[in-house]
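A note on names: the letters A, B, ... follow the listed sequences, proteins ahead of strands, and every chain is numbered from 1.
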Protein chains: 2
Amino acid sequence: MNKRPQKTVTALDAITADLVAVLVAVTDGDPRIMTIEHAAALPSGPFQFAHRSLQMGLRAWVEAQTGHPLGYVEQLYTFADRGRSGDPDAPHRISISYLGLTREEEGHEGADAQWSSWYDYFPWEDHRDGPPAILAKIIAPKLKTWARAADEPALQKGRWRRAAITFGLDGREWNEELTLQRYELLYEAALIPESVREKGGEATVPGRAMTGDHRRILATGIARLRAKIKYRPVVFELMPDEFTLLQLQRSVEALAGRLVHKQNFRRLIEQQELVEETGAMAPDTIGRPAKLFRFRQGVLAERAVVGTKLPLSRS
Amino acid sequence: MNKRPQKTVTALDAITADLVAVLVAVTDGDPRIMTIEHAAALPSGPFQFAHRSLQMGLRAWVEAQTGHPLGYVEQLYTFADRGRSGDPDAPHRISISYLGLTREEEGHEGADAQWSSWYDYFPWEDHRDGPPAILAKIIAPKLKTWARAADEPALQKGRWRRAAITFGLDGREWNEELTLQRYELLYEAALIPESVREKGGEATVPGRAMTGDHRRILATGIARLRAKIKYRPVVFELMPDEFTLLQLQRSVEALAGRLVHKQNFRRLIEQQELVEETGAMAPDTIGRPAKLFRFRQGVLAERAVVGTKLPLSRS
DNA sequence: CCATCTTATGCTCACGGAGAGTATAAATGG
DNA sequence: CCATTTATACTCTCCGTGAGCATAAGATGG
């Protein structure tokens with residue numbers, strides 16, 4: 001690996017590169033992702049070297065698809081593990097995954113493309129109405145069984161400990177950022193279709209599966225986004241031009257999968273001068289009318305670098 | 001991009017994949033990185049599909065080179081921008097970069113490999129003795145000149161604002177995590193050899209350059225590591241089995257490039273039960289002898305997931 | 001033996017932010 | 001007029017963090 005010979009590409013080490021995109025929008029308090037193949041896969045395709053960079057290529061493609069500019073884009077992870085496709089003779093595939101934030105627009109879906117709630121794929125991730133029932137009723141018992149199935153008592157303890165930490169069991173706190181770790185635990189415990197395909201076992205935990213490792217990529221994207229909204233002003237990429245503070249709060253809650261203390265939320269937003277009043281009031285509201293706000297583009301230059309704060313606590 | 005045709009690899013879209021590694025160790029309060037080619041490049045080489053995953057391949061290679069197990073490994077970024085190599089007909093190259101933490105060992109360097117201080121490449125990043133002189137004497141004036149060279153007053157302001165934010169000028173606070181942004185700003189301002197190669201101009205800011213975009217990758221690794229040590233117990237991967245709290249503190253300071261309040265540092269370390277006393281005292285010390293500690297392996301399982309806290313403030 | 005230097009270690013204090021609760025205002029629909 | 005819903009303003013407590021002071025335990029040099 002020390003030298004860098006200019007290797008010629010032979011059939012033996014043929015490589016193809018894929019892009020896989022986790023495109024997120026929030027509509028009516030629902031976090032949505034762009035899917036294809038009847039909601040069973042993330043949009044993906046062969047990598048085009050036509051553009052100046054990976055990001056540019058992704059941008060162009062998404063804008064053509066959704067008719068909306070792609071706001072924030074971030075690289076997630078590059079997968080190149082052997083045996084990701086079943087065929088051992090297939091050319092090696094490197095998948096480069098991206099997270100992108102947009103807004104959902106009517107009538108712009110491609111023939112094959114549609115928006116789906118990300119909680120369809122991860123029903124245990126939505127704690128906005130408290131811990132979902134599947135957690136205590138289905139997931140926790142199955143994980144307990146899995147833990148008990150380990151050979152040694154030490155291993156059993158370790159397994160259960162891991163389960164308890166990631167899923168907030170045994171009175172531990174739920175940590176919404178551990179989406180990927182939770183998915184990987186379920187995979188390891190052979191409780192989801194993806195791992196049953198490889199390991200055998202019964203897939204019994206609710207939640208829609210995806211092609212290949214797309215659901216893992218989605219979990220990576222969710223985890224990254226949940227971490228990011230707390231210290232970078234990225235939520236605004238998902239909002240319409242004008243919005244009320246409650247709408248903003250609902251979007252944050254939709255992404256985080258948990259509720260937020262309203263007064264504290266507003267305090268933080270306003271004291272950081274992230275938004276400014278438009279002067280108008282929101283139409284068609286129940287209750288006291290809310291002021292409309294818009295994002296202060298000015299802060300982008302500074303805050304995109306330096307950071308921001310969002311509260312994320314319980315109800 | 002919707003469909004995923006199994007493309008055959010032709011000369012037109014031939015792709016090669018590279019691994020580039022940022023291998024970090026800390027020796028005597030100096031953050032070191034593994035380099036090759038007379039300290040002008042990061043270790044890199046063609047990607048081997050022989051291993052089960054990218055990480056495994058990297059691990060095996062590094063352990064052979066350094067004779068030491070590679071502790072923490074993390075993927076950094078995948079570069080695939082067109083025109084990264086000068087030759088337009090060269091096969092497209094995808095570079096997957098990794099951050100790895102080890103310990104420096106005598107006599108295990110390969111023929112071409114050596115350890116170098118990362119501050120040789122980024123002298124402006126070391127604020128342990130206060131802001132380095134080059135900042136005020138060289139970098140700030142040059143950035144000011146660059147800002148003034150913009151066409152419009154608004155652009156000029158924007159440029160200077162960015163410079164001030166990233167480099168902590170105009171009385172702003174220094175943020176050690178902005179290593180990458182600082183590098184990119186210098187690149188954009190054509191103040192370093194790498195950008196002069198492309199854009200022309202005079203490279204006048206001190207700091208050793210590297211082949212290709214290796215210094216950018218190094219900056220990415222430093223930024224990532226500086227962010228990581230604050231909330232994950234990764235410093236311990238860089239420590240010997242037994243160490244004093246001051247040695248631990250010096251390592252953190254070496255990485256962060258800034259000093260830490262000693263009492264607070266110890267308070268945090270101890271209250272989190274990250275370490276345990278070995279019972280022995282450190283040999284060959286000046287002043288009051290210090291207890292030796294070792295990392296509590298037990299916390300790894302939990303804290304690697306949930307997190308940790310390190311203070312990082314001024315002296 | 002004492003003064004001084006160096007590092008280790010224990011303790012206290014003030015400030016600010018985060019979490020959470022209370023109270024009031026402004027609208028709507030019966 | 002009242003119940004309901006949302007908006008908005010204050011307040012209070014707790015705790016983490018930054019920072020300083022004081023003391024302990026060694027070594028060294030006069």
* Any chance the side chains of Thr166(A) and Gln181(A) put a donor and an acceptor closer than 3.5 Å? -> no
* To do: Determine the contact category for Leu268(B): base if any of its heavy atoms lies under 4.0 Å from a base atom, sugar-phosphate if only primed atoms, P, OP1 or OP2 are that close, otherwise nothing.
  => sugar-phosphate
* If we only count heavy atoms from C-beta on, is the Tyr72(A) to Lys228(A) side-chain gap below 4.5 Å? -> yes
* Parallel, tilted or perpendicular for Tyr183(A) and Phe122(A), by the 30°/60° rule? -> perpendicular
* Asked: Do Leu238(B) and Leu255(B) come close enough that some side-chain heavy atom pair is under 4.5 Å?
  -> yes
* Structure fact -> Here the distance between atom P of dA8(C) and atom CD of Gln247(B), to the nearest Å, is 9 Å
* **Between dG17(C) (P) and Asn264(A) (CG): distance, integer Å** => 13 Å
* Asked: Just to confirm, is there a sub-4.0 Å distance from OP1 or OP2 of dA8(C) to any side-chain nitrogen or oxygen of Lys291(B)?
  -> no
* To do: Find which nucleotide of DNA chain C each of Gln271(A) and Ile286(A) is nearest to by heavy atoms, and output the residue with the more 5' nucleotide.
  => Gln271(A)
* To do: Report the distance from atom CG of Leu259(B) to atom C1' of dG18(D), rounded to the nearest whole Å.
  => 15 Å
* Base, sugar-phosphate alone, or nothing: which one does Leu245(B) contact when heavy atoms must sit under 4.0 Å apart? -> nothing
Give me the distances for all protein-to-nucleotides 22-25 of chain C N/O pairs that come in under 3.5 Å?
| residue | atom | partner | partner atom | Å |
| --- | --- | --- | --- | --- |
| dT22(C) | O4 | Gln263(A) | NE2 | 2.6 |
| dA25(C) | N3 | Arg288(A) | NH1 | 3.0 |

* To do: Return the 5'-most residue of the pair Met281(B), Gly287(A) with respect to DNA chain C, ranking by each residue's nearest nucleotide.
  => Met281(B)
* For the pair made of CZ in Arg266(B) and C1' in dT23(D), what is the distance, rounded to whole Å? -> 14 Å
* Is there a side-chain contact between Trp124(B) and Val205(B), using heavy atoms and a 4.5 Å cut-off? -> yes
* Contact check, side chains of Ile222(A) and Glu125(A), non-hydrogen atoms, under 4.5 Å -> no
* **Distance, rounded to the nearest Å, where Glu270(A) contributes CD and dC10(D) contributes C1'** => 14 Å
* Asked: For the pair made of CG in Leu248(A) and P in dA7(D), what is the distance, rounded to whole Å?
  -> 12 Å
* To do: Let me know, please, whether Pro289(B) or Lys309(B) comes out on the 5' side of the other along DNA chain D by nearest nucleotide.
  => Lys309(B)
* Parallel, tilted or perpendicular: which describes the rings of His127(B) and Trp174(B), with under 30° parallel and over 60° perpendicular? -> parallel
* Round to the nearest Å and state the distance from Phe265(B) atom CZ to dG10(C) atom P. => 15 Å
* Structure fact -> Per nearest nucleotide of DNA chain D, the residue lying toward the 5' end, Ala290(A) or Arg267(A), is Ala290(A)
* To do: Using atom CZ of Phe243(B) as one end and atom P of dA8(C) as the other, report the distance to the nearest whole Å.
  => 14 Å
